[in-house]
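For reference, the structure discussed in these notes is given below.
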Amino acid sequence: MKKAQVKQLENIDIDKFQQDLISWFEAEQRELPWRKDKDPYKIWVSEIMLQQTRVDTVIPYFQGFIEQFPTIEALSNAEEERVLKAWEGLGYYSRVRNLQSAVKEVYENYDGKVPADPQEISSLKGVGPYTAGAILSIAYGIPEPAVDGNVMRVLSRILSIWDDIAKASSRKVFEAAVRALISHDNPSYFNQALMELGALICTPTSPSCLLCPVQEHCDAFREGTQNELPVKTRKKKHRHVQIVAAVLQNAEGKFLIHKRPDKGLLANLWEFPNTEVIQAFINEKDQLNEMVKDAYEAEIQIGEMIGQIEHVFSHLTWNINAYQGQVRSIAKESAEVKLVTAEEMKAYTFSVSHQKIFQQFIQHIEKEG
DNA sequence: TAGACGTGGGT
DNA sequence: TACCCAAGTCT
């Protein structure tokens, strides 16, 4: 397949291709908040948010985040709890913890300036090959490839590259192609145009080839193979986990919440007491009771079920049976285990799954009157 | 290298 | 319902 790729590269008029692509981008690019200036910090924030996330979803988060943390210094000095709160609902929460960690690194060791060196910027937490290339090209005009899913889709079609883009090893094939094609006059627009083309024209299903500014350069269009490319093997189906959870209140009406561990799923986010249901055990209420007694040294009374929730992650599904109940006593309040009022709870960051549990609780209360 | 890591939207 | 998809990175 490498031979074929080199062959297609030789068929391309690179100057014309760059010109057609960039002219189209200049005319058709969307107005996006992170395109207003070239502040490397803002470009960086936007690129992290955009990872595996739609533009429409990111826009309000980007604006709120930049408002709260407008500079490297501001983010560097912010409390993690506030930073997580600004990310609440965006998903892949390790992104923002890595971002803050990397921003601190830049603040302390790079005089507060995002490094313009490929090796230095790539050493920052959460900055992989795509993000490094995106920041270097967009903020600094350095001709480095920024290969994301769009770029692989677009170039697989233009150059007839049949490598499986689901495999990590394929990325370097596309990086080599970009290095051969990229405009050294305007690497920023070149990279952004490739991605914009993938988002607006060269879409995964039913691409708009008739509107494509680089149609004449596209091997897939010539061959009629645009619906077969890119090659992407499918993932295995994920597992389901049964969860029992409870919204518990003490006599004053305060809610018992718990901070998750600093590694793994939903790291450092807050949650309502819950545990995985082990089949070969007693009933689920008793299992939750045991967990709460062991982990929080609390005595609780679990009452009615308030709802059943299915929450789908990318790699697993939680089927949650949610209850309400009371906290009779608790020996160990701590930095990770707290009793808080509904108002105080708003300052804590919860995953969407646990927000759903609380919504069930509210609905149940309203229904009871 | 493949699986972990979120969420919401589309078919 | 059950996939797949969206500007990836880490382990």
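Every chain is numbered from 1 and lettered A, B, ... according to where its sequence line falls, protein lines coming before strand lines.
Counting any heavy atom pair closer than 4.0 Å across all strands shown, A/S351 reaches sugar-phosphate atoms only and no base atom. Heavy atoms of A/L266 sit under 4.0 angstrom from primed sugar atoms or phosphate atoms, though from no base atom. Among the atoms of the strands shown, none is found under 4.0 Å from any heavy atom of A/W318. Residue A/L32 is in base contact, counting any heavy-atom pair closer than 4.0 Å across all strands shown. Residue-level contact check: A/R30 touches the bases, meaning some heavy atom is under 4.0 Å from a base atom. If you check every strand for non-hydrogen atoms under 4.0 Å, A/G198 touches nothing. Note on A/K356: nothing from the nucleic acid sits closer than 4.0 angstrom, heavy atoms only. Using a 4.0 Å heavy-atom distance criterion, A/V151 is classed as making no nucleic acid contact. Residue-level contact check: A/R153 touches the backbone only, with heavy atoms under 4.0 Å from sugar-phosphate atoms and none from bases.
For the pair A/E144 and A/R179, the salt-bridge criterion is met [side-chain N within less than 4.0 Å of a carboxylate O]. Salt-bridge check for A/R157 with A/D219: failed, with every basic side-chain N at 4.0 Å or more from each acidic carboxylate O. Residues A/K125 and A/E105 are not paired through a salt bridge, judged by the lack of any N-O separation under 4.0 Å between the basic side chain and the carboxylate.
Which of C/dC4, B/dT1, C/dC5 sits closest to the side chain of A/S169 comes down to B/dT1.
Within the 6.0 Å centre-distance limit, the rings of A/F350 and A/F272 are counted as a close aromatic pair.
Map A/S314 and A/K167 each onto its nearest nucleotide of DNA chain B; the residue landing nearer the 5' end is A/K167. Nearest-nucleotide positions on DNA chain B place A/G264 closer to the 5' end than the other of A/R54 and A/G264.
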Any protein N or O atoms within reach of nucleotides 8-11 of chain C? Criterion: under 3.5 Å, listing atom names and distances.
unit_1: C/dG8; atom_1: OP1; unit_2: A/G149; atom_2: N; d: 3.4
unit_1: C/dG8; atom_1: OP2; unit_2: A/Q52; atom_2: N; d: 2.6
unit_1: C/dG8; atom_1: OP2; unit_2: A/Q52; atom_2: NE2; d: 2.9
unit_1: C/dG8; atom_1: N7; unit_2: A/Q52; atom_2: NE2; d: 3.4
unit_1: C/dT9; atom_1: OP1; unit_2: A/G128; atom_2: N; d: 2.9
unit_1: C/dT9; atom_1: OP1; unit_2: A/G128; atom_2: O; d: 3.4
unit_1: C/dT9; atom_1: OP1; unit_2: A/T131; atom_2: N; d: 3.0
unit_1: C/dT9; atom_1: OP1; unit_2: A/T131; atom_2: OG1; d: 2.7
unit_1: C/dT9; atom_1: OP2; unit_2: A/Y130; atom_2: N; d: 3.3
unit_1: C/dC10; atom_1: OP1; unit_2: A/G126; atom_2: N; d: 2.5

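Using cut-offs of 30° and 60° for the angle between ring planes, the A/F313 and A/H311 rings count as perpendicular.
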Worked verdict on A/D20 versus A/K16 for salt bridge (charged side-chain N to carboxylate O under 4.0 Å, His left out): CA-CA 6 Å; A/D20 291 343; A/K16 180 82 168 25; 3.0 Å; yes

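Of the P atoms belonging to B/dC5 and C/dA2, the separation is 22 Å, rounded to the nearest Å. Remark: the separation of the P atoms in B/dA4 and C/dC3 is 16 Å, to the nearest Å. A gap of 13 Å separates the P atoms of C/dT11 and B/dG6, to the nearest Å.
Screening A/V147, A/V178, A/V151, A/D148 for a side-chain contact (heavy atoms from CB on, under 4.5 Å) involving A/N191 leaves a single residue, A/V178.
Put simply, A/Y61 has no side-chain N or O that comes within less than 4.0 Å of OP1 or OP2 on B/dT7. Using a 4.0 Å cut-off, some side-chain N or O of A/H315 falls inside it from OP1 or OP2 of B/dC5. An OP1 or OP2 oxygen of B/dA4 is reached within less than 4.0 angstrom by no side-chain nitrogen or oxygen of A/K263.
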